[in-house]
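Comments concern the structure below.
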Amino acid sequence: MTADRWTDLFSRLLNAYGAQEWWPGDDDPLEIAVGAILTQHCSWRNAERALEGLRDAGALSIEALRDAPDERIHEAIRAAGFYRSKTATLKGFAERVAARYNGRIERLLDRPMRSLRDELLRIRGIGEETADAICLYAAGQASFVIDAYTRRLLERLGWIEGGESYADLRATFMAQLPADAELFNEYHALIVRHAKEHCRARPSCAGCPVDDLCMVPDAPGTGGSL
DNA sequence: AACCAGGAATGTA
DNA sequence: TACATTCATGGT
């Protein structure tokens, strides 16, 4: 039987780009969670620099994040932008893990996905996408991550109207796919890869693995973005 | 030299 | 609910 279109889309992307292996699982969960916060509306390249900054400052631990002066965190993560907000978010996260889980992030991440997600959402600076990224990539739990690329792709495929909420899109993916963290992990990463590499690099969209659709944002005139 | 990057909170109508 | 603004650095 032919797979449904949601599974088929995944297959085409995987076939085109191969496994992306974002945060494969042998990485430090704290680094992954911190990375998820740092990369908010900022390139992963700069988020990595900020991560390095924290490492160099000796601030890559729950205790250090909680106790370090704001200025020290500011310096460390400046490259990722929005450094004041992100410092507050990192501290809010660290304070919660310290206060409620004895500083052990695994205890937070081992909670059932729904309560984990709800708790992450209480932290100021952590919204739905970041909460899902932490659930999926740090905790290895099957929570689908929706981002601007995902929305744009579904719009251009004509699979959604365009006005759906984050919760709508997440629910749609999760209703159409088996609850498999490995699948969700690769799926989201592949959508990002497709948008960045294929769509941005090739204005003509020739050889697009996704129905000859490109996700170039508001391409002037033509450019293959529909 | 505008525009984008693996967003979120807040304010206004 | 639906938009607009703010936060901020770095690459193209």
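Below, read A as the first sequence line, B as the second, and so on, with proteins coming before strands; counting in each chain starts at 1. The model shown is predicted, which means the values in this text are computed figures rather than measured ones.
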- Query: Given the P atoms of B/dG6 and C/dT6, what is the spacing between them in whole Å?
  - Reply: 24 Å
- Message: Please report the distance, rounded to the nearest Å, between CD1 in A/Ile77 and P in B/dG7.
- Response: 15 Å
- Message: I'd like the P distance from B/dC3 over to C/dA4, given in whole Å.
- Response: 15 Å
- Query: How long is the gap from CG on A/Leu51 to OG1 on A/Thr39, to the nearest 0.5 Å?
  - Reply: 10.0 Å
Can you give each donor-acceptor pair under 3.5 Å made by side-chain atoms of residues 57-75 of chain A, sequence neighbours left out, with the distance rounded to 0.1 Å?
residue : atom : partner : partner atom : Å
A/Ser61 : OG   : A/Ala64 : N            : 3.1
A/Arg72 : NH2  : A/Ala57 : O            : 2.7
A/Glu75 : OE2  : A/Arg78 : NH2          : 3.3

- Query: How would you list all residue pairs meeting ring-ring contact (aromatic ring centres under 6.0 Å, His included) that involve residues 30-49 of chain A, not counting sequence neighbours?
  - Reply: A/Trp23-A/Trp44
- Item | Span that lies between the P atom of B/dA1 and that of C/dA8, in whole angstrom | 25 Å
- Message: Per the salt bridge (Lys or Arg N to Asp or Glu O under 4.0 Å) rule, what does the pair list look like for residues 161-179 of chain A, sequence neighbours excluded?
- Response: A/Asp132-A/Arg170
- Query: Listed in order of residue number, which residues of residues 81-88 of chain A have a non-hydrogen atom at under 4.0 Å from DNA chain C?
  - Reply: A/Gly81, A/Phe82, A/Tyr83, A/Arg84, A/Ser85
- Sorted by chain and number, sequence neighbours left out, salt bridge (Lys or Arg N to Asp or Glu O under 4.0 Å) with A/Arg100 holds for A/Glu119
Cut-off 3.5 Å, no hydrogens considered: what does the side-chain donor-acceptor table look like for residues 123-131 of chain A, sequence neighbours left out?
residue  : atom : partner  : partner atom : Å
A/Glu128 : OE2  : A/Arg117 : NH2          : 3.3
A/Thr130 : OG1  : A/Gln40  : NE2          : 2.9

- Interatomic distance, A/Arg193 CZ vs B/dA5 P [rounded to whole Å]: 16 Å
- Watson-Crick or G-U pairs under 3.5 Å in DNA chain C, rendered as dot-bracket with [ ] for crossing pairs and | for another strand: |||||||.||||
- Here the residues of residues 41-48 of chain A within 4.0 Å heavy-atom distance, strictly under, of DNA chain B are A/His41, A/Cys42, A/Ser43, A/Trp44
- Report, as yes or no, whether the 6.0 Å neighbourhood of atom CZ on A/Arg5 holds more than 12 heavy atoms from other residues, nucleotides or ligands. yes
- Tell me, which pairs form a ring-ring contact (aromatic ring centres under 6.0 Å, His included) where one or both residues lie in residues 146-185 of chain A, sequence neighbours left out? A/Trp6-A/Trp159, A/Trp6-A/Phe173, A/Phe144-A/Phe173, A/Phe144-A/Phe184, A/Phe173-A/Tyr187
- Rounding to a whole Å, what distance do you find between A/Arg49:CZ and B/dA5:P? 17 Å
- Can you name the ring pair (Phe, Tyr, Trp, His ring centres under 6.0 Å) partners of A/His188, sequence neighbours left out? A/Trp22
- Could you give the start and end, 5' to 3', of the contact zone on DNA chain C for chain A, using atoms under 4.0 Å from its heavy atoms? C/dC7 to C/dG11
- Answer yes or no: are there more than 12 heavy-atom neighbours, outside A/Arg45 itself, under 6.0 Å from its atom CZ? no
- Query: Can you tell me how far CG of A/Leu9 sits from CZ of A/Arg12, rounded to the nearest 0.5 angstrom?
  - Reply: 5.5 Å
- Task: To the nearest 0.5 angstrom, please state how far the CE atom of A/Met113 sits from the CG atom of A/Leu109.
- Result: 13.5 Å
- Can you tell me how far the CG atom of A/Leu154 sits from the CD1 atom of A/Ile160, to the nearest 0.5 Å? 4.5 Å
- Message: For a quick check, with a 4.0 angstrom heavy-atom cut-off, what is the B/S/- contact string for nucleotides 8-13 of chain B, read 5' to 3'?
- Response: SSS---
- Query: Is there side-chain contact between A/Gln141 and A/Leu136, with at least one heavy-atom pair below 4.5 Å?
  - Reply: no
- When rounded to the nearest 0.5 angstrom, what distance separates CG in A/Leu90 from CG in A/Leu54? 6.5 Å
- Item | salt_bridge(A/Arg152, A/Glu155) N-O dist < 4.0 Å | no
